[in-house]
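Take a look at the structure below.
Just the heavy atoms: all of them, side chains too, but no hydrogens, waters or symmetry mates, feed the values below. These figures come from a predicted structure and were not determined experimentally. One-based numbering along the sequence shown.
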Amino acid sequence: MYRVVVLYEQEPDADSYAEHAEICRQVPNAVFRHGKVFGAPMGEPAHAYYAEWEFADEDAFKSATRSDEFMATGKDAYKRGFSQPTVEFAELR
């Protein structure tokens, strides 16, 4: 299983993010999830908001992250003025 993990230092505006999430759900062969980070084991969490795409396998990941729909998500986030997130790719075993 492959994931694209998106971590925001600041929680985005809920209404604007709901619209953005609809664009994120258009990425092919992916499941998109998002939500508020509410805590950490010790102290305050390093991030305020979390989002992810989940892909069944490497081929689905590669195809999706090269798609116009995936590129559109970054353009939309920038246009909406969301804080610059940390974006990472993960392979789960």
How far apart are the closest heavy atoms of Ala64 and Pro28, and which atoms are they?
CB-O, 3.4 Å
Name all residues meeting the side-chain hydrogen bond (donor to acceptor under 3.5 Å, both in side chains) criterion together with Ser83; count only those two or more places apart in sequence or in a different chain, and write none if there are none.
none
Scan residues 39-50 for pairs that pass salt bridge (charged side-chain N to carboxylate O under 4.0 Å, His left out), counting only residues two or more places apart or in two chains.
none
Which pair of heavy atoms, one from Ala30 and one from Trp53, lies closest together, and at what distance?
CB-CD1, 3.7 Å
Identify, with sequence neighbours excluded, every residue that meets salt bridge (charged side-chain N to carboxylate O under 4.0 Å, His left out) alongside Glu88.
none
Nearest atoms (heavy-atom pairs only) where Ala60 meets Ala56
CB-N, 4.5 Å
With sequence neighbours excluded, what pairs up with Val5 under the side-chain contact (heavy atoms from CB on, under 4.5 Å) test?
Arg3, Leu7, Tyr50
If I compare all heavy atoms of Val87 with all of Val4, which pair ends up nearest, and what's the gap?
CG1-CG1, 3.9 Å
Going by side chain to side chain donor-acceptor pair (under 3.5 Å), name the pairs with one or both residues in residues 21-36, residues two or more places apart or in two chains.
Glu22-Arg25, Arg33-Glu52, Arg33-Glu54, His34-Tyr49
Residue pairs meeting salt bridge (charged side-chain N to carboxylate O under 4.0 Å, His left out), one or both in residues 59-74, sequence neighbours left out, come to Glu58-Lys62
With sequence neighbours excluded, tell me which residues meet ring pair (Phe, Tyr, Trp, His ring centres under 6.0 Å) with Tyr8.
Tyr17
Quick one: list whatever passes side-chain hydrogen bond (donor to acceptor under 3.5 Å, both in side chains) with Glu19, sequence neighbours left out.
Arg80
Tell me whether Val27 shares a hydrophobic cluster with Phe89, the cluster being built from Ile, Leu, Val, Met, Phe, Trp, Tyr side chains joined at under 4.5 Å.
yes
Sequence-distant partners of Glu9, salt bridge (charged side-chain N to carboxylate O under 4.0 Å, His left out), two or more places apart:
none
Spacing of CG belonging to Asp15 relative to NE2 belonging to His20, to within rounding of 0.5 Å
14.5 Å
Ring centres of Phe55 and Tyr2 under 6.0 Å apart?
no
Heavy-atom closest pair, residues Val6 and Pro85:
CG1-CB, 3.6 Å
